[in-house]
Amino acid sequence: MNYSRRQFLGALGAGTVATAGLSRSVAAQETPVVRMGNNYFDPIGLHVEPGTTLRFEVAAGAHSATAYESRIPAAASAFDSAVISSGGFEHTFEEPGTYDYYCIPHKSVGMVGRIVVGSPGGPAEGSPIPDGDVPDSDTIVERGAVAYGSSADGNATPGGGMMGPGMGRGPGMMNGGWGGGLPFVGGALGLLGLVGGLIYWALRRGDASSRADDSAMETLQRRYARGDIDDEEFQRRRERLGEDQQD
């Protein structure tokens with residue numbers, strides 16, 4: 001009975017190891033993809049393990065994935081897809097370290113990327129990349145991949161920094177366009193409303209004052225007609241009301 005139990009546990013353990021090995025094998029066969037679009041690599045920062053084959057795939061336009069020969073590990077071989085407008089290019093990264101690369105036709109506009117194989121290291125860690133910006137290597141390792149449209153430290157940069165695919169601002173979009181004009185329009189409408197209210201208040205006040213003056217004159221005339229005041233007093237009060245109306 002004990003021998004059979006040991007046999008069972010041994011077989012179970014062997015099956016577990018085989019399953020784990022199969023899982024690692026399947027994971028190793030997965031090919032990460034970096035998309036090459038309009039002036040961007042996405043993800044702009046990627047962490048892979050040594051021996052990983054990476055595919056650079058054209059999403060739009062014509063681009064290249066070309067390593068800076070002076071910014072890759074000393075024992076590594078430089079890669080260069082040349083300029084392609086369709087399909088993709090694959091390269092296997094064997095040597096650990098940091099690899100910086102660029103697009104030949106769009107290097108001047110900052111189309112660059114970084115790949116960390118295993119752990120950061122090599123010449124790329126000694127100085128900033130000469131064209132554009134890439135995420136910090138530690139951030140790349142921590143996150144696994146940093147999407148284009150993030151700042152050099154891996155944080156999103158809404159309203160500034162590198163713009164991701166589909167994130168450009170067109171005319172009339174919240175930055176000097178229709179959206180940016182809304183606060184001005186609202187302020188102008190509010191000012192017009194205030195001015196209109198003041199004019200309405202002044203007119204109503206004038207009407208009220210006029211009605212009050214008319215009422216005072218009618219009251220004075222009634223008192224004079226009843227004999228409550230004499231001619232001299234009536235004349236004096238009427239002149240005073242007339243002066244008030246002129247003011």
Side-chain angles (χ1 to χ4, degrees), residues 31-50 52-170 175:
T31 301
V33 175
V34 172
R35 298 170 68 247
M36 301 188 291
N38 292 325
N39 302 337
Y40 69 85
F41 292 105
D42 187 38
I44 190 172
L46 182 65
H47 177 238
V48 299
E49 294 299 330
T52 300
T53 297
L54 177 63
R55 179 175 176 81
F56 297 88
E57 195 167 275
V58 175
H63 308 283
S64 79
T66 306
Y68 290 94
E69 293 187 7
S70 61
R71 301 184 65 81
I72 61 175
S77 58
F79 58 90
D80 181 13
S81 68
V83 178
I84 55 177
S85 58
S86 62
F89 163 76
E90 293 187 353
H91 179 76
T92 301
F93 292 84
E94 302 286 359
E95 295 295 326
T98 304
Y99 295 71
D100 284 347
Y101 63 98
Y102 62 94
C103 170
I104 292 174
H106 302 114
K107 180 172 67 171
S108 62
V109 294
M111 186 171 173
V112 294
R114 170 168 288 186
I115 298 164
V116 178
V117 179
S119 301
E125 297 297 331
S127 62
I129 193 168
D131 308 285
D133 293 296
V134 293
D136 179 81
S137 295
D138 291 334
T139 300
I140 295 173
V141 173
E142 178 184 351
R143 299 192 180 188
V146 178
Y148 181 80
S150 301
S151 64
D153 60 1
N155 294 321
T157 57
M162 297 180 292
M163 297 300 292
M167 293 174 63
R169 290 178 177 175
N175 189 20

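Numbers here simply count residues along the sequence, with the first being 1.
- Side chain of H63 to backbone of G37: a donor-acceptor contact under 3.5 angstrom is found.
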Check against side-chain contact (heavy atoms from CB on, under 4.5 Å), I104 and D80 | CA-CA 10 Å; I104 292 174; D80 181 13; 4.1 Å; yes

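- In plain terms, the two heavy atoms of P130 and Y68 that are nearest each other are CG-CE2, 3.6 Å.
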Kindly determine whether V34 and Y101 satisfy side-chain contact (heavy atoms from CB on, under 4.5 Å), including the steps that lead there.
-> CA-CA 12 Å; V34 172; Y101 63 98; 3.7 Å; yes

Show the numbers, then the answer: is there a side-chain contact (heavy atoms from CB on, under 4.5 Å) between I115 and V48?
-> CA-CA 7 Å; I115 298 164; V48 299; 4.1 Å; yes

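- A salt bridge does not link R35 to E57: none of the charged side-chain nitrogens sits closer than 4.0 Å to a carboxylate oxygen.
- Side-chain contact between P96 and P50 is present, with heavy atoms from C-beta onward closer than 4.5 Å.
- For the pair P123 and S70, the tightest heavy-atom approach, listed with the atom from each and the gap, is CB-O, 3.2 Å.
- Within the 3.5 Å criterion, the main-chain N or O of A65 finds a donor-acceptor partner in the side chain of S81.
- Using bins of under 30°, 30° to 60° and over 60° for the plane-to-plane angle, the ring pair F93/Y99 lands in the perpendicular bin.
- Looking at K107 and T66, their side chains never come closer than 4.5 Å, going by heavy atoms from C-beta outward.
- Judged by distance alone, with hydrogens and angles left aside, the side-chain atoms of D42 form a donor-acceptor pair with the main-chain N or O of Y148 at under 3.5 Å.
- Considering every non-hydrogen atom in both G61 and N38, the closest pair reads N-OD1, 4.3 Å.
- Residues D100 and R71 come closest through the heavy atom pair OD2-NE, 2.9 Å.
- To the nearest 0.5 Å, atoms OG (S64) and CE (M111) are separated by 7.5 Å.
- The OG1 atom of T53 sits 6.5 Å away from atom CD of E90, with the distance rounded to the nearest 0.5 Å.
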Given the rule in the side-chain contact (heavy atoms from CB on, under 4.5 Å) test, do E94 and S77 qualify, once you have shown the distances and angles that lead to the verdict?
-> CA-CA 9 Å; E94 302 286 359; S77 58; over 6 Å; no

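- Nearest approach of V58 to S85, heavy atoms of both residues: CG1-O, 3.6 Å.
- Distance check, rounded to the nearest 0.5 Å: CZ of F79 to OG1 of T92 gives 11.5 Å.
- Considering only heavy atoms from C-beta on, F89 stays 4.5 Å or farther from R55 through its side chain.
- Between the side chains of T98 and E125, a donor-acceptor pair is found at a separation under 3.5 Å.
- Residues P105 and V83 come closest through the heavy atom pair CD-CG2, 3.9 Å.
- The only option from L46, I140, V116 that meets the side chain to side chain contact (heavy atoms under 4.5 Å, CB included) definition with P135 turns out to be I140.
- Listed for the H47 side chain is no donor-acceptor partner under 3.5 Å among the backbone atoms of A145.
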